[in-house]
Amino acid sequence: MTARRGGLPTMHDVGRLAQVSAMTVSRVLKNDPGVSTATRERVFAAVDRLGYRRNQTARSLRLGGSGMIGLVVTNLANPFYSRLALGVQEVATEYGFRVLLSNSGEQADREPELIDGLVDHQVEGLIVVPAGSRQQHLAAAMRHVPVVFAARPPAGLDTDCVLVEDFHGARQATARLLADGHTRVAFLGNPPALYTGAERLRGFWAAHEEVGVEPDNALIRQGLVDSAAAERATLDLLEQAERPTALFCTNNRISQGSIRALYKADTTLPVAGFDDFDLSDVLGLPLTLVSYDADEIGRQAARLLVDRLDHRDAEPPPSRRVTVPTRVVRRGSPDRG
C-alpha cells in the first residue's frame, strides 16, 4: 500500500495500513499507555513504510478533505462560548484540523445561512450550539457532513451531543438557598423555549418540591436575554411589597445583571447562579454558583466529531450523549436577606 496519489501520507493512510482508526494512530504517536503492544508495533511499522511525518502540514487534508471543521455558537461575547470554542480548538489542533467559527447572536433565523455557508466552504463536520428548536436546516446539513450538538440537544435528530447537568446543577444550587432558610427565592431565567432555560427551571422547581415549598409565581421572570434585562427584572422584584430574600439566575450574564441591580439598590441578597464567572470570589457577596468546565464541553464535542470522521467509510456508531458534570461552589457568606 502507498499513500494516496498526489500527496504525502496521512494519519488515515497509516490507520488503513495498520488496520486501526486514525484516532488509534494518534494515540500511539502520543505514547498512550492504553494501546496494546501489538497495535503499537503495527502502527509504527506502517509509519515507517509510508514515511509518515506526524507534524506535516498536509496531514490535515485527510481523505482529500478540506481539513476544516465548522463551529457555530450563539454569543461570542459570553465567556462560556469563548471557553467552549477554545476546547474545540484544542482537540481540532491535536488532530490536524482548522476551525471556522461563526456566531449566530441567538438569532435562530440567521443560523441556517451560517450553516449553509460553512458547508459551502467544504468543512468536514460541524459542531453547533443551536439557537432554537427548529432544526430542519441542521437535518439538511447532516446529509452532507456529520453534526455534533453542544450545550443544547438535537430536537428529533439522531446525532451526538454534549450537555451540562442543567437540571441537577439548578436543583442543587436552589436546594442550598432553601437549606439556608429562604422560602421566597426569585427565578431569573433565559427564554423558556431554550433547553437550558427549561431544564434549569425544572431543577429550581424540583428543589422546592423536595422540601415542600411552593415557588411564588410572582417571583419568576423568564425570557431574559442579556444582563440589562436581568438588571431591570431584578429592580422590579426589589420594588415588590413582598420582595424575594434570594435570587436564582440561570446563566452568568443574568447573574451579573442581578448583581448590578443589587448594587444600584444599595442592598444585598444571596444570589445563586449557573456558571461561575471572573471576580466572583472577590465581590464580597453571598454567591452560590454552579461551576463546570466549559472547555471540556468543546473538547468532548470535538472528540465525538473526529470519531465520526474517522468512521465515515464504515458503519457509523450509534448517536451518543455526553454529560459534563457540575459542582456547586459558594462565595462569601450565605446570610439571609
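The first residue of the sequence shown is numbered 1, and numbering continues consecutively from there.
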Following the transitive rule for hydrophobic clusters with a side-chain heavy-atom cut-off under 4.5 Å over Ile, Leu, Val, Met, Phe, Trp and Tyr, establish whether Val148 and Leu163 coincide in one cluster.
no
Group every Ile, Leu, Val, Met, Phe, Trp and Tyr by side-chain heavy-atom contacts under 4.5 Å, then state whether Trp205 and Val211 land in the same group.
yes
Quick one: are Val119 and Asp116 in side-chain contact, heavy atoms under 4.5 Å?
no
Spatial distance of atom CG (Leu86) from atom CZ (Arg83) [nearest 0.5 Å]
5.0 Å
Between CG of Leu238 and CG of Leu262, what distance do you get to the nearest 0.5 Å?
6.0 Å
Basic-acidic side-chain contact under 4.0 Å: Arg171, Glu165:
no
Is the shortest heavy-atom distance from the side chain of Arg200 to the side chain of Val290 under 4.5 Å?
no
Of all heavy-atom pairs linking Asp180 and Arg330, the shortest is OD2-NH2, 2.7 Å
What are the two closest non-hydrogen atoms of Asp275 and Leu289, and how far apart are they?
O-CD2, 4.0 Å
Would you find a donor on one side and an acceptor on the other, under 3.5 Å apart, between the side chain of Arg299 and the backbone of Gly87?
no
Any donor-acceptor pair under 3.5 Å linking the side chain of Asp226 with the backbone of Ala228?
yes
Tell me whether the guanidinium CZ or amine NZ of Arg202 lies under 6.0 angstrom from the six-membered ring centre of Phe167 and within 45° of its axis.
yes
CD (Glu210) with more than 12 external heavy atoms under 6.0 Å:
yes
Run the numbers on Phe149 and Leu138 for side chain to side chain contact (heavy atoms under 4.5 Å, CB included), then give the verdict.
CA-CA 10 Å; Phe149 284 63; Leu138 292 171; 3.5 Å; yes
More than 12 foreign heavy atoms under 6.0 Å from CD of Gln19: is that the case here?
no
Roughly how far, to the nearest 0.5 Å, is CD1 of Ile69 from CD1 of Ile127?
4.5 Å
Is there a side-chain contact between Thr159 and Pro146 (heavy atoms, below 4.5 Å)?
no
Main chain of Ala155, side chain of Gln135: is a donor-acceptor contact present, judged purely on distance under 3.5 Å?
yes
Flag the pair Val73 / Leu101 as yes when at least one side-chain heavy-atom distance between them is below 4.5 Å, and no otherwise.
yes
When you compare the side chain of Asp236 with that of Arg232, does any pair of heavy atoms fall below 4.5 Å?
no
Would you find more than 12 non-hydrogen atoms of other residues, nucleotides or ligands less than 6.0 Å from Arg134 atom CZ?
no
Would Thr93 and Gln89 count as a side chain to side chain donor-acceptor pair (under 3.5 Å) if you check the C-alpha gap in whole Å, the side-chain angles of each, and the deciding distance to 0.1 Å?
CA-CA 6 Å; Thr93 299; Gln89 181 72 56; 3.0 Å; yes
Side-chain touch Val164/Phe274, heavy atoms, less than 4.5 angstrom:
yes
Checking Arg152 side chain against Pro130 main chain: does a donor-acceptor pair fall under 3.5 Å?
yes
Reported CD-to-CG distance for the pair Glu111 and Asn103, which is rounded to 0.5 angstrom
11.0 Å
Nearest 0.5 Å, please: how far is CG in Leu201 from CG in Leu194?
12.5 Å
Considering residues, nucleotides and ligands other than Asp278, do more than 12 of their heavy atoms fall under 6.0 Å from its CG?
no
For salt bridge (charged side-chain N to carboxylate O under 4.0 Å, His left out), just list the numbers for Arg308 and Glu124, CA-CA rounded to whole Å, side-chain angles, deciding distance to a tenth of an Å, and then say yes or no.
CA-CA 10 Å; Arg308 288 278 169 193; Glu124 297 190 48; over 6 Å; no
Assess the residue pair Val185 and His208 against the criterion (side chain to side chain contact (heavy atoms under 4.5 Å, CB included)); give the C-alpha distance rounded to whole Å, side-chain angles, the decisive distance to 0.1 Å, and a yes or no.
CA-CA 9 Å; Val185 182; His208 283 79; 4.2 Å; yes
I would like to know whether Leu237 and Leu188 meet side chain to side chain contact (heavy atoms under 4.5 Å, CB included); could you show each step before the answer?
CA-CA 10 Å; Leu237 288 166; Leu188 295 108; 4.1 Å; yes
At their closest point, which heavy atom of Thr74 faces which heavy atom of Ser104, and how far apart are they?
CA-OG, 3.4 Å
Short side-chain to backbone donor-acceptor contact, Thr250 and Asn190, under 3.5 Å:
yes
Might you point out which heavy atoms bring Ile297 and Ala150 nearest each other, and give the distance in Å?
CG2-CB, 4.2 Å
I'd like to know whether NE2 of His144 has more than 12 heavy-atom contacts from other residues, nucleotides or ligands below 6.0 angstrom.
yes
Rounded to the nearest 0.5 Å, what separates atom CZ in Arg320 from atom CG in Leu304?
5.0 Å
Thr24 side chain to Ser21 side chain, donor-acceptor N/O pair below 3.5 angstrom
yes
Checking side chain to side chain donor-acceptor pair (under 3.5 Å) for the pair Asn251/Thr196: CA distance, chi angles, key distance, verdict?
CA-CA 9 Å; Asn251 64 38; Thr196 51; over 6 Å; no
Same cluster for Tyr195 and Tyr292 if Ile/Leu/Val/Met/Phe/Trp/Tyr side chains link at under 4.5 Å?
no
Closest non-hydrogen contact found for Arg184 with Arg243 is NE-O, 3.4 Å
Would you call Asp276 and Arg331 a salt bridge, taking side-chain N to carboxylate O under 4.0 Å as the test?
yes
Please check if Val88 and Leu309 belong to a single hydrophobic cluster, counting links between Ile, Leu, Val, Met, Phe, Trp and Tyr side chain heavy atoms closer than 4.5 Å.
yes
Do Leu283 and Val271 land in one hydrophobic cluster if side-chain heavy atoms of ILVMFWY residues count as linked below 4.5 Å?
yes
Shortest non-hydrogen contact from Pro215 toward Val213
CD-O, 3.5 Å
Let me see the working for Ser227 and Arg253 under side chain to side chain donor-acceptor pair (under 3.5 Å), right down to the final yes or no.
CA-CA 5 Å; Ser227 61; Arg253 291 173 298 162; over 6 Å; no
Name the orientation class of the two ring planes belonging to Phe187 and Phe248 (parallel below 30°, tilted from 30 to 60°, perpendicular beyond 60°).
parallel
Would you mind reporting whether Val225 and Glu106 have side-chain heavy atoms less than 4.5 Å apart?
no
Would you sort out whether Asp307 and Arg303 count as a side chain to side chain contact (heavy atoms under 4.5 Å, CB included), showing the intermediate values?
CA-CA 6 Å; Asp307 187 55; Arg303 291 186 188 115; over 6 Å; no
Measure from the side-chain N and O atoms of Gln240 to the backbone N and O of Ala218, and report whether any donor-acceptor pair falls under 3.5 Å.
yes
